[in-house]
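Structure first, commentary second.
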Amino acid sequence: MVQIIDGKLISAQIKDELKQEVVALKEKGIFPGLAVVLVGDNSASQVYVRNKKTACEYVGIKSFSYELPEETSEEALLELIDTLNQDEKVHGILVQLPLPKHIDENKVILAIAPSKDVDGFHPQNVGALCTGLPGFISCTPAGVIELLKRSQVEIAGKNCVVVGRSNIVGKPVSLLLLQEHGTVTICHSKTKNLTEILKQADIVVAAVGRAKMIQGSQLKEGAVVIDVGINRDENGKLCGDVDFTSCESIASRITPVPGGVGPMTIAMLMHNCVLAAKNK
Ligand code: GUN
């Protein structure tokens, strides 16, 4: 029988643990604060930002909200980041991506102080992850590892296949699996023998952004499947990069979409905010 990995339940446990930590921090006079910056009116981003602010409230982190119009200039956004970098009440800064086309995302990421980069997108934090130094680990990859660990999935020595090579998920999750002593293969749109590689995988992390791309017939019996995708299927219903129906009869454990990795991203953001406040 396949075990469904319940990201909603695990993320709720993490947020409850963090809530306790925040109580202890407040007793020491540390009041964690997160600045949440949204530029424009992307409806998906609005939902993500609302969920992040709700999580802050639950955990006891003060959120400072900046909802800026679409036409905000790059210069004005960089000025706001500079102000937030210097604000002692702000321990973490989150600029929701994607940004409007006239703003250079890389410039914005570079402008955030690495010590407040709770998204873990700044090259200093990415470099720290590469070399095993302390730093912020981006939230979705950290959430994937946490889901595996809290579901008692052993990573050491296992064949881990990551499908996708994005800076936000594919690359960092591969590094984290390697750090946990997995044998890691990264596949992408130009990979020729994807099925052959997937057939060897004990752990599959799907992060390509293509609805139901991975089929049960491509998996090894008993594989653990973590689906990072958030897509709409032909009927407009939310679905992952994994075809859940065909994979659940082959996998030993699998994450659903929604309710798998998604809630973990927010829980790990809360974790990073608490860490930023503790580091102060
Ligand atoms: N857009 C999609 N995912 C993310 C994320 O994890 N952080 C930010 N800042 N923007 C995103």
Side-chain angles (χ1 to χ4, degrees), residues 1-11 138-265 268:
M1 244 319 250
V2 67
Q3 181 202 330
I4 310 291
I5 299 179
D6 187 343
K8 248 176 127 169
L9 181 76
I10 296 174
S11 68
S138 58
C139 306
T140 303
V144 168
I145 300 298
E146 203 62 28
L147 273 183
L148 291 170
K149 286 190 173 171
R150 291 187 185 232
S151 306
Q152 284 77 46
V153 175
E154 169 110 20
I155 303 170
K158 294 291 158 63
N159 284 340
C160 306
V161 174
V162 176
V163 190
R165 53 172 158 177
S166 69
N167 286 339
I168 292 190
V169 185
K171 285 182 207 165
V173 86
S174 303
L175 287 166
L176 287 170
L177 289 164
L178 188 61
Q179 212 167 70
E180 297 295 331
H181 314 289
T183 303
V184 184
T185 306
I186 307 173
C187 298
H188 47 79
S189 55
K190 300 279 193 291
T191 298
K192 290 222 168 74
N193 48 346
L194 180 64
T195 300
E196 208 177 291
I197 297 168
L198 280 173
K199 275 279 177 197
Q200 304 293 319
D202 303 305
I203 298 171
V204 176
V205 178
V208 257
R210 275 180 61 189
K212 302 183 188 179
M213 192 190 114
I214 294 170
Q215 299 289 319
S217 58
Q218 296 177 288
L219 299 178
K220 174 166 122 177
E221 189 79 36
V224 176
V225 180
I226 307 291
D227 191 351
V228 184
I230 303 176
N231 314 290
R232 297 264 172 200
D233 69 9
E234 57 285 2
N235 304 314
K237 211 171 140 241
L238 272 188
C239 71
D241 292 349
V242 169
D243 178 41
F244 190 87
T245 313
S246 65
C247 289
E248 72 169 333
S249 52
I250 313 285
S252 61
R253 295 182 181 90
I254 188 167
T255 61
V257 177
V261 175
M264 292 300 289
T265 298
M268 300 319 287

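What you see is a predicted model; the values in this text were computed from it and never measured.
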What are the two closest heavy atoms between [X] and [Y], and how far apart are they?
{"X": "Asp6", "Y": "Leu9", "value": "OD1-N, 3.0 Å"}
{"X": "Arg232", "Y": "Ala211", "value": "O-CB, 4.1 Å"}
{"X": "Cys247", "Y": "Gly216", "value": "SG-N, 3.4 Å"}

For residues 201-209, please give each side-chain donor-acceptor pair under 3.5 Å, one per line with the distance, not counting sequence neighbours.
from	atom 1	to	atom 2	distance (Å)
Asp202	OD1	Lys220	NZ	2.7
Asp202	OD2	Asn159	N	2.8

Measure the spacing between [atom1] of [X] and [atom2] of [Y] and express it to the nearest 0.5 Å.
{"X": "Thr245", "Y": "Gln215", "atom1": "OG1", "atom2": "CD", "result": "9.0 Å"}
{"X": "Ile197", "Y": "Ile186", "atom1": "CD1", "atom2": "CD1", "result": "11.5 Å"}
{"X": "Leu148", "Y": "Ile155", "atom1": "CG", "atom2": "CD1", "result": "4.5 Å"}
{"X": "Ile4", "Y": "Met1", "atom1": "CD1", "atom2": "CE", "result": "7.5 Å"}

Considering residues at least two apart in sequence or located in another chain, which fulfil the side-chain contact (heavy atoms from CB on, under 4.5 Å) criterion with [X]?
{"X": "His181", "value": "Ala156"}
{"X": "Lys212", "value": "Asp233, Glu234, Cys239, Asp243"}
{"X": "Ile10", "value": "Ile5, Gln13, Ile14, Leu147, Arg150, Ser151, Met264"}
{"X": "Ile250", "value": "Leu219, Glu221"}

Those residues that, when tested against [X], pass side-chain hydrogen bond (donor to acceptor under 3.5 Å, both in side chains) (two or more places apart):
{"X": "Ser166", "answer": "none"}
{"X": "Asp241", "answer": "Asn231"}
{"X": "Thr140", "answer": "Thr265"}

Qualifying residues under salt bridge (Lys or Arg N to Asp or Glu O under 4.0 Å), relative to Arg253, sequence neighbours excluded: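 Here no residue qualifies.
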Close side-chain approach of Met213 to Gln218, heavy-atom, < 4.5 Å: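 Contact flag for Met213/Gln218 side chains = no.
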Min side-chain heavy-atom separation Val224-Ser252 under 4.5 Å: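 The answer is yes, as the side chains (C-beta and beyond) meet within the 4.5 Å cut-off.
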Side-chain donor-acceptor distances from residues 169-180 under 3.5 Å, at least two apart:
from	atom 1	to	atom 2	distance (Å)
Lys171	NZ	Asn167	OD1	2.8
Ser174	OG	Gly170	O	2.6
Gln179	NE2	Leu129	O	3.4
Glu180	OE2	Lys149	NZ	3.1

CA sep, side-chain torsions, deciding dist, call: Val163, Thr191, side chain to side chain contact (heavy atoms under 4.5 Å, CB included): CA-CA 9 Å; Val163 190; Thr191 298; over 6 Å; no
Residue pair Ile254, Asp227: steps toward the side chain to side chain contact (heavy atoms under 4.5 Å, CB included) verdict: CA-CA 8 Å; Ile254 188 167; Asp227 191 351; 5.9 Å; no
Exam field: side chain Asn193 to backbone Glu196, donor-acceptor pair closer than 3.5 Å: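 The answer is no, because no donor-acceptor pair under 3.5 Å joins these two groups.
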